[in-house]
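A quick write-up on the structure given underneath.
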Amino acid sequence: MERYDRQMRVAQIGKSGQKVLQASSILIIGVGAIGTYAAEIATRMGFGRLILVDRDFVELSNLQRQTLFTEEDATQKEAKAWAAAKALRAINQDIQIEFLVDDANAVSLLPYAGNVDAVLDCTDNFATRRFLNQWCLEQRIPWIFASCAGTFANVMPIIPGETACLHCLMEKMPLFNETSCDIIGVHGALIPMLAGLQVSLLTKLLLGERHTAYYQLDNWEMTFQKFGVTRNLDCAVCVHGEKSETVFSKQPMLLCGRDTVQFQIGSAIHFDEFEKVLRRQDIMSNANRFVLTFTFQDYDFTVFQNGRVLVHGTDDLMVAKKQYQHFFNEI
């Protein structure tokens with residue numbers, strides 16, 4: 001326990017609180033900007049088990065705001081969840097670090113149902129957040145919503161059956177938007193501030209303190225606001241149990257701000273077999289344990305083992321589909 005001596009000296013935590021943190025299991029969805037900072041804070045604080053879930057790979061543009069990753073990770077296009085887990089294990093070998101390179105969906109998260117104490121939302125899109133809202137409500141798992149873009153950050157703990165859910169929040173706040181940092185950017189110094197708030201709320205939650213507030217931070221104007229959000233007693237989601245039919249990655253879709261179209265084959269891709277297809281066409285490829293990349297007719301391809309395929313260099317679905325079908329109709 002010497003490692004956490006300064007932390008245990010905090011009256012609100014103490015030795016008993018530290019033991020609670022060390023016995024906790026936290027599911028972190030998204031290992032990008034917010035997720036890397038939050039995971040590192042939780043690792044250094046001694047949260048006992050962290051499960052990192054992210055479907056993406058490291059790119060050079062990530063390094064401005066995503067800690068844990070290196071230029072070598074970007075060069076090798078390492079899977080974010082794997083690269084982050086590797087870095088965190090080097091920081092604290094006493095805690096358990098797991099990772100999953102996949103979407104967060106009902107199938108991929110099934111092993112963690114009823115097996116985690118809380119969920120951190122570190123995603124970059126509201127489709128996944130709406131799914132998390134439903135999943136956590138069903139599993140009765142508290143989760144902490146967090147988002148940021150520009151110089152604004154938002155965070156709110158959501159406790160099933162006690163507080164407002166994400167649907168309540170979005171209904172009650174008509175100006176609440178779904179702006180992405182891919183569109184308006186994000187101030188790099190804002191992210192660790194938000195991650196610190198998120199992990200602080202997580203710590204308080206695990207130690208038995210409940211909050212129902214919604215917090216907003218502007219690190220340019222240096223303002224911090226707290227809003228009361230009451231549960232909608234007629235909420236379609238947390239009261240009446242309505243479920244949205246969110247389908248992840250099943251249809252071709254343009255990835256916002258990335259000039260990239262995503263496809264999902266529906267089955268696993270065996271890299272060794274696919275590399276044979278590429279070699280027959282004299283196409284060079286590079287692969288690591290999770291990601292295979294190659295270039296064809298000036299378009300870059302990124303292929304994941306779980307069947308996810310990205311075609312880079314176009315925002316035209318028909319152009320991307322033509323490139324995609326050149327390869328994946330013949331496997």
Side-chain angles (χ1 to χ4, degrees), residues 1-10 13 17-102 104 108 111-112 115-124 144 146 188-200 202-203 206 286-293 304-306:
M1 299 287 276
E2 178 184 357
R3 181 183 196 120
Y4 310 109
D5 175 74
R6 299 301 186 274
Q7 185 163 283
M8 292 188 295
R9 291 175 185 266
V10 177
I13 298 177
Q18 186 62 39
K19 289 180 180 178
V20 171
L21 300 186
Q22 289 178 278
S24 66
S25 293
I26 309 301
L27 183 61
I28 299 178
I29 306 298
V31 195
I34 305 170
T36 50
Y37 277 101
E40 181 172 349
I41 295 169
T43 296
R44 294 186 184 277
M45 288 181 65
F47 286 77
R49 177 179 176 234
L50 303 180
I51 304 109
L52 314 176
V53 179
D54 196 293
R55 68 185 184 182
D56 219 339
F57 61 95
V58 182
E59 299 177 89
L60 190 62
S61 62
N62 300 150
L63 304 184
Q64 169 259 345
R65 66 197 180 283
Q66 300 182 19
T67 188
L68 301 179
F69 304 137
T70 66
E71 291 184 352
E72 180 66 16
D73 292 328
T75 299
Q76 298 300 323
K77 297 185 182 296
E78 298 288 8
K80 287 185 177 181
W82 178 85
K86 177 185 65 173
L88 294 173
R89 287 169 181 156
I91 292 171
N92 191 343
Q93 298 182 31
D94 295 335
I95 69 174
Q96 183 177 346
I97 307 289
E98 303 174 24
F99 68 91
L100 176 66
V101 182
D102 205 343
S108 65
Y112 311 111
N115 194 26
V116 295
D117 297 298
V119 175
L120 293 186
D121 159 37
C122 301
T123 67
D124 61 0
I144 301 181
L190 174 66
I191 299 158
M193 299 169 73
L194 171 58
L197 286 173
Q198 189 182 38
V199 178
S200 294
L202 171 66
T203 304
L206 292 175
N286 292 289
N288 56 41
R289 55 188 63 76
F290 299 108
V291 178
L292 183 148
T293 60
F304 294 81
Q305 286 184 335
N306 66 357

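Note that the coordinates shown come from a computational prediction; the quantities given were computed from them, not determined experimentally. Only heavy atoms go into these numbers, but all of them, side chains included; no hydrogens, no water, no symmetry mates.
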Grab the two heavy atoms, one from [X] and one from [Y], that are nearest each other, plus how far apart they are.
X	Y	answer
Ala38	Ala195	N-CB, 3.7 Å
Val101	Ala79	CG2-CB, 3.7 Å
Cys122	Gln198	SG-OE1, 3.5 Å
Leu68	Ala87	O-CB, 3.8 Å
Gln76	Asn288	O-ND2, 2.8 Å
Ala81	Val31	CA-CG2, 4.5 Å

Open item on the list: How about CG on Leu60, more than 12 heavy atoms from neighbouring residues, nucleotides or ligands closer than 6.0 Å, or not?
Closed with: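 At most 12 heavy atoms, drawn from other residues, nucleotides or ligands, come within 6.0 Å of this atom.
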
Separation of [Y] [atom2] from [X] [atom1] (nearest 0.5 Å):
X	Y	atom1	atom2	answer
Glu59	Gln66	CD	CD	9.0 Å
Leu88	Ile97	CG	CD1	5.0 Å
Asn62	Thr67	CG	OG1	12.0 Å
Leu21	Thr203	CG	OG1	5.5 Å
Thr36	Ile191	OG1	CD1	7.5 Å
Ile41	Leu202	CD1	CG	10.5 Å

TODO: Output yes when Glu78 and Arg289 qualify as a salt bridge under the 4.0 Å nitrogen-oxygen rule, no when they do not.
DONE: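 Salt bridge between Glu78 and Arg289, a charged N being under 4.0 Å from a carboxylate O: yes.
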
Any [X] side-chain heavy atom under 4.5 Å of [Y] side chain:
X	Y	result
Leu100	Leu52	no
Asn286	Lys77	no
Lys80	Phe99	no
Ile95	Phe47	no
Val119	Asp121	no
Ile26	Leu120	yes

Sidechain-backbone polar pair: [X] side chain, [Y] backbone, donor-acceptor under 3.5 Å:
X	Y	value
Gln7	Ile13	no
Ser25	Val116	no
Asp54	Gly30	no
Gln18	Met45	yes

Open item on the list: According to salt bridge (charged side-chain N to carboxylate O under 4.0 Å, His left out), who are the partners of Arg9, at least two apart in sequence or on a separate chain?
Closed with: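 Counting only residues at least two positions away or on another chain, Arg9 forms a salt bridge (charged side-chain N to carboxylate O under 4.0 Å, His left out) with Asp5.
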
Open item on the list: So, using side-chain contact (heavy atoms from CB on, under 4.5 Å) as the criterion, who are the partners of Glu71 when residues are at least two apart?
Closed with: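 Testing Glu71 for side-chain contact (heavy atoms from CB on, under 4.5 Å), a comparison that skips the adjacent residues, returns Leu63.
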
Task: All side-chain contact (heavy atoms from CB on, under 4.5 Å) counterparts of Gln96, not counting sequence neighbours - done: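 For Gln96, the residues satisfying side-chain contact (heavy atoms from CB on, under 4.5 Å) (neighbours in sequence not counted) are Arg49, Glu98.
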
TODO: Could you tell me how the ring of Phe290 sits relative to the ring of Trp82: parallel (under 30°), tilted (30 to 60°) or perpendicular (over 60°)?
DONE: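 It falls in the tilted class, 30° to 60°.
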
Task: Sole residue of Leu27, Thr123, Ile28 in side chain to side chain contact (heavy atoms under 4.5 Å, CB included) with Val53 - done: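 One option only clears the test, and that one is Leu27.
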
